[in-house]
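For reference, the structure is listed below as structure tokens.
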Amino acid sequence: MSVAIQAERLRKVYPGSPPVAALKSASLEIADNEFFTLLGPSGCGKTTLLRLVAGFESITGGTLHLFGEDISHLPPEKRPVNTVFQHYSLFPHMTILDNVAFGLRRLGKSRQEAAGKAQEMLDLVQLRDYGARLPNQLSGGQQQRVALARALAPRPRVLLLDEPLSALDLKLRQSMRLELKRLQRETGITFVFVTHDQDEALAMSDRIAVMSAGEIQQIATPGEIYEYPANRFVAEFIGDANFYQATAEQIADDGATYLTPFGTRLAGPLVAGVGPGSSVTIFVRPEKVALARTATEGALPGRVRDVIYLGDTTDYRIALDQGGAITVRAENHKDGRPLANPGDDVFVELDPSALRVLKE
Ligand code: ATP
């Protein structure tokens, strides 16, 4: 695996009074050919990190290497990197083909060669017959595909994508996810994708870096991030979760046992600084808890407080007889009716394998 981008303790402070530490000390490695996503809430520093890689902003501290080369002082146009922005800004008076060919012409390609390459790129983004049109004769989704074709045409080694789908409607966004994933696979170009949309990140990425307040919280595959978030911020940002306190019982070299508030024991990872008797946070995703109308072995009795209809599923907020509450997400009956209504007495089935211990 060769490394495309390597950032070590990368830092960016925007001057001003007070100065803004947009990126505090970010370290990451992005592999060549990887679809890598920077995910986090607004203002967490995603775009700043992307702009440092592109060379649009200067680095305050740390190092940045691209394919082994220190690029800290390399101007943007010398970097083998291209960027697609949320607002695709095509030239309105140029045809689609000329828009895509524009960058190639600037690189010194002949008119003919640039047009040939641009047509290839339009084929790639499935706009083969649109080359003669003007941008305003295309839908928003098609224009974003042209912007992609334009950015891919010079064959950058890395493509940076700054929320490129956020101006599109939901259906289009979903189909563009597949499209982007296919483009990345077919071109073999490293994609660094910025989004605050967790579904988008989970659906497309090989790996995700979850960021908050200028810091990277976790870097892992979508499955690892969802199942084993590193801390409460990540667990809350990706998906929904019920949180509880548990008590550490036994600590061994390779793991620990925790006593849960449900009276069950949970084998889990070691947590830094935790000894027998100390408290840790555990969580369970609402879709991993089941709802029953009749008592089953080990099920916890409770009463439905709120029912939130979500279409394919329904969330049930349940007050447990033992104290505390839990949210359960369950599919509706086949005819669409929810499983229970407010005020119903129910039983909550909690499989110990669905409980997770947070390490931080
Ligand atoms: P969004 O999703 O809203 O684009 P982001 O995660 O991409 O957010 P950044 O745009 O990187 O976040 O901004 C990180 C922090 O740096 C924010 O607090 C922002 O206000 C600040 N910031 C960004 N650009 C500048 C600038 N040119 N000058 C001063 N502060 C800036």
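Just so you know, ligand 1 is whichever comes first in the structure, and atom 1 is the first atom listed for that ligand. This chain uses plain numbering: 1 for the first residue, then up along the sequence.
Gly40 does not count as a contact of ligand 1, since none of its heavy atoms falls under 4.0 Å from the ligand. Contact analysis puts Pro41 in contact with ligand 1, with a non-hydrogen atom separation below 4.0 angstrom. Note on ligand 1: Met211 sits outside its first shell, no heavy atom being nearer than 4.0 Å.
Residues Leu52 and Glu57 come closest through the heavy atom pair CD2-O, 3.6 Å.
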*Stepwise, does the side-chain hydrogen bond (donor to acceptor under 3.5 Å, both in side chains) test hold for Asp197 with Thr195?*
CA-CA 5 Å; Asp197 182 326; Thr195 185; 5.3 Å; no

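For the residue pair Gln245 / Ser279, a side-chain donor-acceptor distance below 3.5 Å is found, with atom types taken as modelled. Between the side chains of Thr327 and Arg317, at least one donor N or O sits under 3.5 Å from an acceptor N or O. For the residue pair Thr296/Glu349, the side-chain donor-acceptor check at 3.5 Å is satisfied.
Both the backbone and the side chain of Thr47 come within contact range of ligand 1, each with a heavy atom under 4.0 Å. Neither the backbone nor the side chain of Arg51 has any atom closer than 4.0 Å to an atom of ligand 1 (non-hydrogen atoms only).
Annotation: atom 8 (O) of ligand 1 to nearest protein heavy atom, Gly43 N, 2.7 Å. Scanning the protein for heavy atoms near atom 2 (O) of ligand 1, the closest one is Lys46 NZ, 2.9 Å. The protein non-hydrogen atom at the shortest distance from atom 12 (O) of ligand 1 is Gly45 N, 3.3 Å. Protein heavy atom at the shortest distance from atom 21 (C) of ligand 1 is Val20 CG1, 3.8 Å. Closest protein heavy atom to atom 13 (O) of ligand 1: Thr48 OG1, 3.8 Å. Here the protein heavy atom with the shortest distance to atom 29 (C) of ligand 1 is Tyr14 CB, 3.3 Å. Summary of contacts: the protein heavy atom closest to atom 3 (O) of ligand 1 is Ser42 OG, 2.6 Å. Nearest to atom 16 (O) of ligand 1 among the protein's heavy atoms is Ala22 CB, 3.3 Å.
A distance of 8.0 Å separates NE2 in His196 from CZ in Phe237, rounded to the nearest 0.5 Å. In this structure, CZ in Arg51 is found 11.0 Å from CG in Leu160, a value given to the nearest 0.5 Å. One finds the CZ atom of Arg79 at 9.5 Å from the CD atom of Glu69 (value rounded to the nearest 0.5 Å).
Near Glu163, with a cut-off below 4.0 Å to any heavy atom, the atoms of ligand 1 are 2 (O).
Within a 4.0 Å radius of atom 19 (C) of ligand 1, the protein contributes no heavy atom.
Electrostatic pairing of Arg150 and Asp98 does not count as a salt bridge here, judged by no charged N lying under 4.0 Å from a carboxylate O.
Between Phe262 and Tyr244, the angle of the ring planes goes over 60°, which puts this pair in the perpendicular group of the 30/60° scheme.
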